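For reference, the structure is listed below as structure tokens.
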Amino acid sequence: MNSPLPHDLIRKEVRDLSEYNAGLALDRFRDAYGIDCVAKLDSNESPLGPSPRAIEAMREAAQGVARYPDAASGALRAAIARSTGAEADRIIIGNGSEDLIGVLFRAIIRAGDHVVTICPSFGLHEFGAQAFGARVTKLPFEADWSFPVEAMKAELRGAPRVLIFSSPSNPAGPAIREEAFRAIVTAADPATLICFDEAYVEFIEARHRFDALGLLQASGKPYIVLRTFSKAYGLAGARVGYGIASSAEMIKALMRMRNPFGVNAMAAAGAIEAMADTAHLERVLEDATTERQRVASALTGKGYACAPSQTNFVFFDTGRPASEFTEELRRKGILIKGWQEPPFTTWARVTMGTEAENDAFLAALPDISGKAA
Ligand SMILES: *Cc1c(COP(=O)(O)O)cnc(C)c1O
């Protein structure tokens with residue numbers, strides 16, 4: 001039996017929060033639907049998994065699990081410093097980058113603060129700030145799925161506490177262009193923290209790539225860039241991500257808000273080896289790029305509107321309530337994520353799995369083009 005919860009025990013901001021729209025774990029899927037999953041395409045995980053070297057490193061690290069990990073994750077920070085060129089004291093490691101989003105908001109948001117993001121948005125960018133009483137403004141993408149630069153510049157004039165968005169965007173998929181990003185950074189008030197979430201940065205095609213970190217660093221404005229080992233590096237279950245900030249002082253403050261031992265020894269060891277195995281990463285990126293082009297054109301051919309993607313997923317309009325659409329796919333063993341954020345409640349996001357998984361997804365989709373034979 002549940003004992004009653006005092007009605008005012010939980011903070012109002014917390015009571016009012018939406019639940020995170022998480023993907024369905026495989027064992028829970030089996031319990032609920034009584035069938036095996038054919039294609040798990042709802043959480044942007046890597047179908048190739050991590051580098052075998054990462055798994056080996058985690059296995060080895062497990063031998064030392066009686067000891068607390070290095071609270072500063074020194075070895076991983078050094079490896080990230082070498083690969084990014086940022087000094088190690090401007091790097092923070094988190095229990096996934098979602099942990100760092102929480103740390104950031106805990107450290108800086110006061111009730112009534114203004115936070116600006118884009119729509120459709122990554123849930124935590126919005127809810128994480130609302131949990132501390134922030135007012136969140138969500139700016140819609142342009143009709144052609146380019147980033148809303150003018151609207152962002154207009155909001156930045158009011159010096160919001162934080163501008164936070166992902167590029168490439170989760171869930172939409174496009175990556176911001178360099179000129180657009182430069183215009184936004186230039187327009188930002190020095191009192192505004194720019195949080196640039198690059199969870200999918202590895203997937204960007206060469207012609208769209210630019211040095212956002214360098215551009216931010218040169219701007220002299222306060223920023224934090226977030227990255228993760230959960231997506232391209234295939235370590236979602238290990239929980240490890242990192243942030244690179246504009247100053248060591250900011251990292252020191254964020255470290256005070258982090259759980260001291262929040263990053264476990266296996267995850268940190270795995271991340272170092274995952275980063276070192278560039279051949280494995282190349283295979284992951286090649287597959288994801290080929291598949292997202294193939295799946296997007298198949299979706300278009302079947303009559304579905306797609307947002308352009310520089311990621312390992314495709315966002316598309318199902319043409320009907322996405323919850324119904326995804327439920328029907330689930331009964332066929334196919335998991336994708338229906339979007340719940342207005343006005344995108346007819347849209348869904350499908351992660352690029354193996355070629356066979358993507359084929360199973362495409363085969364299960366009705367043709368709505370109206371030109372089917
Ligand atoms: C997946 C994702 C994250 C969080 O990843 P972690 O697993 O917590 O490292 C952060 N931001 C965006 C935009 C994501 O898609």
Side-chain angles (χ1 to χ4, degrees), residues 20-25 40-47 49-50 54 73 76 80 91-106 115-129 136 138 141 147 162-176 194-204 212 223-244 254 258-259 262-264 266-268 270-271 274-275 284 288 292 307 309-315 336-337 339-341 344 347-352:
Y20 185 66
N21 178 15
L24 198 56
K40 180 160 168 48
L41 308 174
D42 63 350
S43 295
N44 298 345
E45 297 149 341
S46 173
S73 308
L76 177 54
I80 292 168
I91 298 169
I92 184 169
I93 313 297
N95 190 262
S97 59
E98 64 177 20
D99 175 36
L100 297 175
I101 296 168
V103 164
L104 194 71
F105 288 141
R106 283 205 290 285
V115 170
V116 175
T117 188
I118 53 178
C119 180
S121 64
F122 181 59
L124 294 175
H125 293 170
E126 182 183 359
F127 309 144
V136 180
K138 300 198 290 180
F141 277 90
F147 284 70
V162 181
L163 170 70
I164 183 168
F165 64 102
S166 54
S167 173
S169 155
N170 179 13
I176 195 166
I194 303 168
C195 178
F196 192 56
D197 187 337
E198 290 194 313
Y200 302 90
V201 66
E202 296 86 0
F203 294 101
I204 303 176
Y223 73 83
I224 184 162
V225 167
L226 299 178
R227 295 185 187 153
T228 178
F229 291 95
S230 297
K231 309 287 162 57
Y233 290 104
L235 286 170
R239 311 305 306 126
V240 55
Y242 64 96
I244 302 176
L254 298 181
R258 211 197 64 161
N259 291 330
V263 180
N264 71 75
M266 283 74 72
M275 246 189 339
V284 169
R292 79 180 174 227
S309 175
Q310 290 288 305
T311 63
N312 64 338
F313 56 82
V314 177
F315 195 51
I336 66 170
K337 188 178 263 197
W339 215 248
Q340 297 173 349
E341 176 188 23
F344 292 96
W347 289 68
R349 189 194 69 196
V350 57
T351 305
M352 297 304 98

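When reading the values below, keep in mind they use all heavy atoms of this one structure, side chains included, and skip hydrogens, waters and symmetry mates. Because the structure is a prediction, the values reported are computed rather than measured. We count ligands from 1, going down the list as the structure has it; atoms in each ligand are counted the same way.
Against a heavy-atom cut-off of under 4.0 Å, Thr228 is close to the following atoms of ligand 1: 5 (O), 6 (P), 7 (O), 9 (O). Residue-ligand proximity, Ser166 to ligand 1, at heavy-atom distances under 4.0 Å covers atoms 13 (C). Heavy-atom contacts of Asn170 reach the following atoms of ligand 1: 13 (C), 14 (C), 15 (O) (cutoff under 4.0 Å). Taking a cut-off of under 4.0 Å to the non-hydrogen atoms of Gly96, the atoms of ligand 1 that pass are 6 (P), 8 (O), 9 (O).
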* To do: Test side chain to side chain contact (heavy atoms under 4.5 Å, CB included) on Ser169 and Phe315 and set out the steps.
  => CA-CA 10 Å; Ser169 155; Phe315 195 51; over 6 Å; no
* To do: Take Ile176 and Phe165 through the test side chain to side chain contact (heavy atoms under 4.5 Å, CB included) and record every step on the way to the result.
  => CA-CA 10 Å; Ile176 195 166; Phe165 64 102; 4.1 Å; yes
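Closest of all the heavy-atom pairs between Gly128 and Phe105 is C-CD1, 3.3 Å. Of all heavy-atom pairs between Gly234 and Pro50, the closest is O-CD, 3.3 Å. Taking all atoms of both residues into account, the shortest heavy-atom contact from Ser43 to Thr351 is N-OG1, 3.6 Å.
The closest approach between a heavy atom of Gly241 and any atom of ligand 1 is not below 4.0 Å. Taking 4.0 Å as the cut-off, Asn44 does not count as a neighbour of ligand 1 on heavy-atom distance.
Among protein heavy atoms, the minimum distance from atom 4 (C) of ligand 1 is reached at Ser97 OG, 3.3 Å. Considering only non-hydrogen protein atoms, atom 8 (O) of ligand 1 sits nearest to Arg239 NH2, 2.8 Å. Nearest protein neighbour of atom 7 (O) of ligand 1, counting heavy atoms only, is Ser230 OG, 2.5 Å. Ranking protein heavy atoms by distance to atom 13 (C) of ligand 1, first place goes to Asp197 OD2, 3.4 Å.
Backbone and side-chain nitrogen or oxygen atoms of Lys231 are examined, and one is located within less than 3.5 angstrom of a nitrogen or oxygen of ligand 1.
No side-chain heavy atom of Ile118 sits less than 4.5 Å from a side-chain heavy atom of His125. Residues Thr311 and Asn44 are not in side-chain contact: their nearest non-hydrogen atoms beyond the backbone lie 4.5 Å or more apart.
Between Tyr200 and Phe313, the two ring planes are perpendicular [angle over 60°; tilted spans 30° to 60°].
At a 4.0 Å heavy-atom cut-off, ligand 1 touches Tyr200 through the side chain alone.
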